[in-house]
Number of protein chains: 2
Amino acid sequence: MTSKQEFIEKLRNSSLRPTKQRINICEVLFNRDKTFHFTISDLFNLIKDKTGEKISLATVYNTVHAFHKKGYLKEIPINSNQTYFDTNVTDHHHFFDVKEEKLIDLKNEDVGPIEIQKSIPGKKIKSVEVLVKLED
Amino acid sequence: MTSKQEFIEKLRNSSLRPTKQRINICEVLFNRDKTFHFTISDLFNLIKDKTGEKISLATVYNTVHAFHKKGYLKEIPINSNQTYFDTNVTDHHHFFDVKEEKLIDLKNEDVGPIEIQKSIPGKKIKSVEVLVKLED
DNA sequence: AATCTTCTTTAGAATAATTATAAACAAGTA
DNA sequence: TACTTGTTTATAATTATTCTAAAGAAGATT
């Protein structure tokens, strides 16, 4: 459980002004035990439910993008009509249950080491992500 | 080089009527040496250039979806504003050059074996795909 | 505290990818 | 040929996301 005060400091340290909206979003996103997968629209609705106050959709987009840029959120590479984000920014992989459109975490130790034996001149590897699609 | 006649048979065997548009799309997509990564909009423009005739955008969508459903095209899981497809439907992985928004094939032997040490009851693995993001 | 600058929020408009619609048309079949 | 069914088409509708510009809030300066 992170206190409001701690979020304020974290925001300041990232040169993001600690506005009421950003603090609320922090509380909804980061005061959790388990990792959280969400779309912007999930988050938008959740904020209304949890805090009783509505934050403009544009602000939700702005904030999620800001947090993503600062490395507090990770974008999950799946094809869906909406973009999924993850509060777990450590290196890890995903199951995607195609039928139920549901994401499930794979701990890094659930996946053996991945060796990439090819390289592209002038480019370096930024991330290696595995998506395991599941069917019935 | 596959002949028009062969495409017609393949379409019939998939219970897709061999229309002029579908045959043209087959020729643009599948008469290639190398694997081909594309978005709908890429394909739409390419058809105009290669065949001189314009196929309605809706038809391009319909056809790509039909081919995908039949297993002749693979959808590549990356987050982009557009959906990418691949004519190589075998198991393989991708580099994605984030800056240039370009996909590069990784042969299966370029990536070491991937062990998944977790399973979800009632579900089986449909595919395992690795996306390696590249930066400068 | 008052002022000033800069950043942020906001509603709504704009954009862009994709899907839906329904009429015209072409393919397969009897 | 006539009939049925599947396909194409232009266009409208939908949906996710980004842009815009004005109002508001935060931080710094006096």
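In what follows, chains are A, B, ... by sequence order, proteins preceding strands, each numbered from 1. What you see is a predicted model, and the numbers here were worked out from it, not measured in a lab.
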Exercise. Please determine if a side-chain N or O atom of A:Thr59 lies less than 4.0 Å away from the OP1 or OP2 oxygen of C:dT10.
Key: yes

Exercise. Compare side-chain N and O positions of A:Ser56 against OP1 and OP2 of C:dT9 and report whether any pair is under 4.0 Å apart.
Key: no

Exercise. Count the heavy atoms of every other residue, nucleotide or ligand shown that sit under 6.0 Å from NZ of B:Lys10, and state whether that count exceeds 12.
Key: no

Practice problem: Just call it for B:Ser41: base, sugar-phosphate, or nothing, with non-hydrogen atoms closer than 4.0 Å on any strand. | Solution: nothing

Quiz item: Are OP1 or OP2 of D:dA10 and a side-chain N or O of B:Lys54 less than 4.0 angstrom apart?
Solution: yes

Self-check item: Contacts of B:Asp42 that satisfy side-chain contact (heavy atoms from CB on, under 4.5 Å) - sequence neighbours left out
Solution: B:Phe38, B:Thr39

Practice problem: Would you mind reading off the distance between B:Arg22 atom CZ and D:dT8 atom C1', rounded to a whole angstrom? | Solution: 9 Å

Quiz item: What's the NZ-C1' distance between A:Lys70 and C:dC7, to the nearest Å?
Solution: 13 Å

Quiz prompt | Salt-bridge present (B:Lys124, A:Asp136; N to O < 4.0 Å) | solution = no

Practice problem: Could you check how far CD of A:Glu53 sits from C1' of C:dT10, rounded to whole Å? | Solution: 15 Å

Practice problem: May I have the distance from A:Phe67 (atom CZ) to C:dT8 (atom C1'), rounded to whole angstrom? | Solution: 13 Å

Self-check item: side-chain contact (heavy atoms from CB on, under 4.5 Å) assessment of B:Val132 paired with B:Phe96
Solution: CA-CA 6 Å; B:Val132 182; B:Phe96 184 61; over 6 Å; no

Atom pairs under 3.5 Å, N or O on each side, protein against nucleotides 28-30 of chain D: can you list them with distances?
none

Quiz item: With a cut-off of 6.0 Å (strictly less than), are more than 12 heavy atoms of other residues, nucleotides or ligands near NZ of A:Lys48?
Solution: yes

Quiz prompt | Short side-chain to backbone donor-acceptor contact, A:Glu100 and A:Asp97, under 3.5 Å | solution = no

Quiz prompt | A:Lys50 atom NZ, over 12 foreign heavy atoms within 6.0 Å | solution = yes

Self-check item: Bend angle of the helix from C:dA1-D:dT30 to C:dA30-D:dT1, end axes from five pairs each (to 10°)
Solution: 20°

Practice problem: Could you check whether B:Thr83 gets within reach of a base, just the sugar-phosphate, or nothing at all, counting any heavy atom under 4.0 Å? | Solution: sugar-phosphate

Self-check item: Separation of D:dT15 C1' from B:Asn81 CG (nearest whole Å)
Solution: 14 Å

Quiz item: OP1 or OP2 of D:dA25 less than 4.0 angstrom from a side-chain nitrogen or oxygen of A:Gln21, does that happen here?
Solution: no

Quiz item: Could you state the CD-C1' distance from B:Gln82 to C:dT18, rounded to the nearest angstrom?
Solution: 11 Å

Quiz item: How does each nucleotide of nucleotides 19-30 of chain C score, in 5' to 3' order, for protein heavy atoms under 4.0 Å: base (B), sugar-phosphate only (S), or none (-)?
Solution: BB-----BBS--

Self-check item: Test item: B:Asp86 side-chain N/O and B:Asn88 main-chain N/O as donor-acceptor pair under 3.5 Å
Solution: yes

Quiz item: Can you list the residues that meet the side-chain contact (heavy atoms from CB on, under 4.5 Å) rule with A:Leu57, with sequence neighbours excluded?
Solution: A:Ile40, A:Phe44, A:Tyr61

Self-check item: Backbone of A:Phe36 reached by a side-chain donor or acceptor of A:Thr87 within 3.5 Å
Solution: yes

Quiz item: Do any pairs count as a side-chain hydrogen bond (donor to acceptor under 3.5 Å, both in side chains) and have a residue in residues 19-33 of chain A, sequence neighbours left out, and if so which ones?
Solution: A:Lys20-A:Glu53

Quiz item: Quick one: B:Ile23 CD1 to D:dT8 P, roughly how many Å, whole number?
Solution: 10 Å

Practice problem: Return yes when atom NZ of B:Lys118 has more than 12 non-hydrogen atoms of other residues, nucleotides or ligands closer than 6.0 Å, and no otherwise. | Solution: yes

